[in-house]
Amino acid sequence: MTDCIFCKIVKKEIPAREVYRDSEFVAFHDISPKAPVHIMVIPLKHLESLSGAENSDKEMLGKLLLTVKKIADDLGLSKTGYKLAANNGAGAGQLVFHLHFHILGGWKAKPHWEV
Ligand code: 5GP
Ligand code: ZN
């Protein structure tokens, strides 16, 4: 997609602080972090959101979650804990319509979570 900002990051047309890249996924720091460590994990393939996923995406979606786990392990977030979020649709706050998971972590003190 030519006007998708995450496709532009995939193609390195705009810069991002990448922490991981392979033949299917790329992960980079969020430009406006909502946690001490806030990483976006996206497939190279453009897919608007989880709602746009089909059975043929089964393998990619499984690998995407395992890639999230690897990145969290590599960044040391698995030890202290992290949240994983995917906003699905404008009504849930999705701003970039290229499937992505937010990894949020890196808190020093134990926060009090409502959910
Ligand atoms: P959403 O609300 O769609 O789930 O999340 C989109 C996220 O992408 C937001 O947290 C926002 O800060 C991040 N973001 C938007 N544009 C850019 C960009 O150009 N570079 C990076 N690294 N993150 C971006
Ligand atoms: Zn895209």
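Whatever order the structure lists ligands and atoms in, that order sets their numbers, starting from 1.
- L99 and I5 are members of different hydrophobic clusters when ILVMFWY side chains are connected at heavy-atom separations under 4.5 Å.
- A donor-acceptor distance shorter than 3.5 angstrom exists from the side chain of Q94 to the backbone of V96, with no hydrogens or angles considered.
- Panel note: side chain H98, backbone P43; a donor-acceptor pair is recorded below 3.5 Å.
- The angle that C4 SG and C7 SG make at the Zn ion (ligand 2), rounded to 10°, works out to 120°.
- Residue I9 approaches ligand 1 through these ligand atoms, each under 4.0 Å from one of its heavy atoms: 20 (N).
- With sequence neighbours excluded, the residues satisfying salt bridge (charged side-chain N to carboxylate O under 4.0 Å, His left out) with K45 are D57.
- When hydrogens are left out, the protein atom nearest atom 2 (O) of ligand 1 is G93 O, 2.8 Å; that is the closest non-hydrogen contact.
- Counting the atoms of ligand 1 from 1 in the order shown, those under 4.0 Å from a heavy atom of S32 are 12 (O).
- With K70 as the fixed residue, the side chain to side chain donor-acceptor pair (under 3.5 Å) test singles out one of T67, D73, D74: D74.
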Q.
Let's go through F28 and F6 carefully: what are the C-alpha distance in whole Å and the side-chain angles of both, what is the deciding distance for ring-ring contact (aromatic ring centres under 6.0 Å, His included) to 0.1 Å, and is it a yes or a no?
A. CA-CA 10 Å; F28 50 89; F6 285 180; 5.3 Å; yes
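- Under the 4.0 angstrom criterion for non-hydrogen atoms, F6 is in contact with ligand 1.
- H38 and H29 are not linked by any side-chain donor-acceptor pair at a separation below 3.5 angstrom, with hydrogens and angles left out of the test.
- Backbone and side-chain nitrogen or oxygen atoms of L95 are examined, and one is located within less than 3.5 angstrom of a nitrogen or oxygen of ligand 1.
- At a heavy-atom distance under 4.0 Å, only side-chain atoms of F28, from C-beta outward, approach ligand 1.
- The heavy atom nearest to atom 4 (O) of ligand 1, out of those in R17, K8, H100, H29, is found in H100.
- Residue V96 places at least one N or O, backbone or side chain, under 3.5 Å from an N or O of ligand 1.
- Atoms of ligand 1 found under 4.0 Å from any heavy atom of N87 (numbered from 1 in listed order, with element): 1 (P), 2 (O), 4 (O).
- Of all N/O/S atoms in H46, ND1 sits nearest the Zn ion (ligand 2).
- Residue nearest to atom 7 (C) of ligand 1, selected from D30, I39, I31: D30 (by heavy-atom distance).
- Looking only at distances, no side-chain donor or acceptor of K11 sits under 3.5 Å from a matching main-chain atom of I9.
- Interface atoms of ligand 1 facing I5, defined by a heavy-atom separation under 4.0 Å, are 19 (O).
- A donor-acceptor pair is defined here as one N or O able to donate and one able to accept, closer than 3.5 Å; no such pair exists between the side chain of R17 and the backbone of I31.
- When you scan the N, O or S atoms of H98 for the one nearest the Zn ion (ligand 2), you land on ND1.
- Within the listing of ligand 1, atoms 10 (O), 12 (O) sit less than 4.0 angstrom from a heavy atom of K34.
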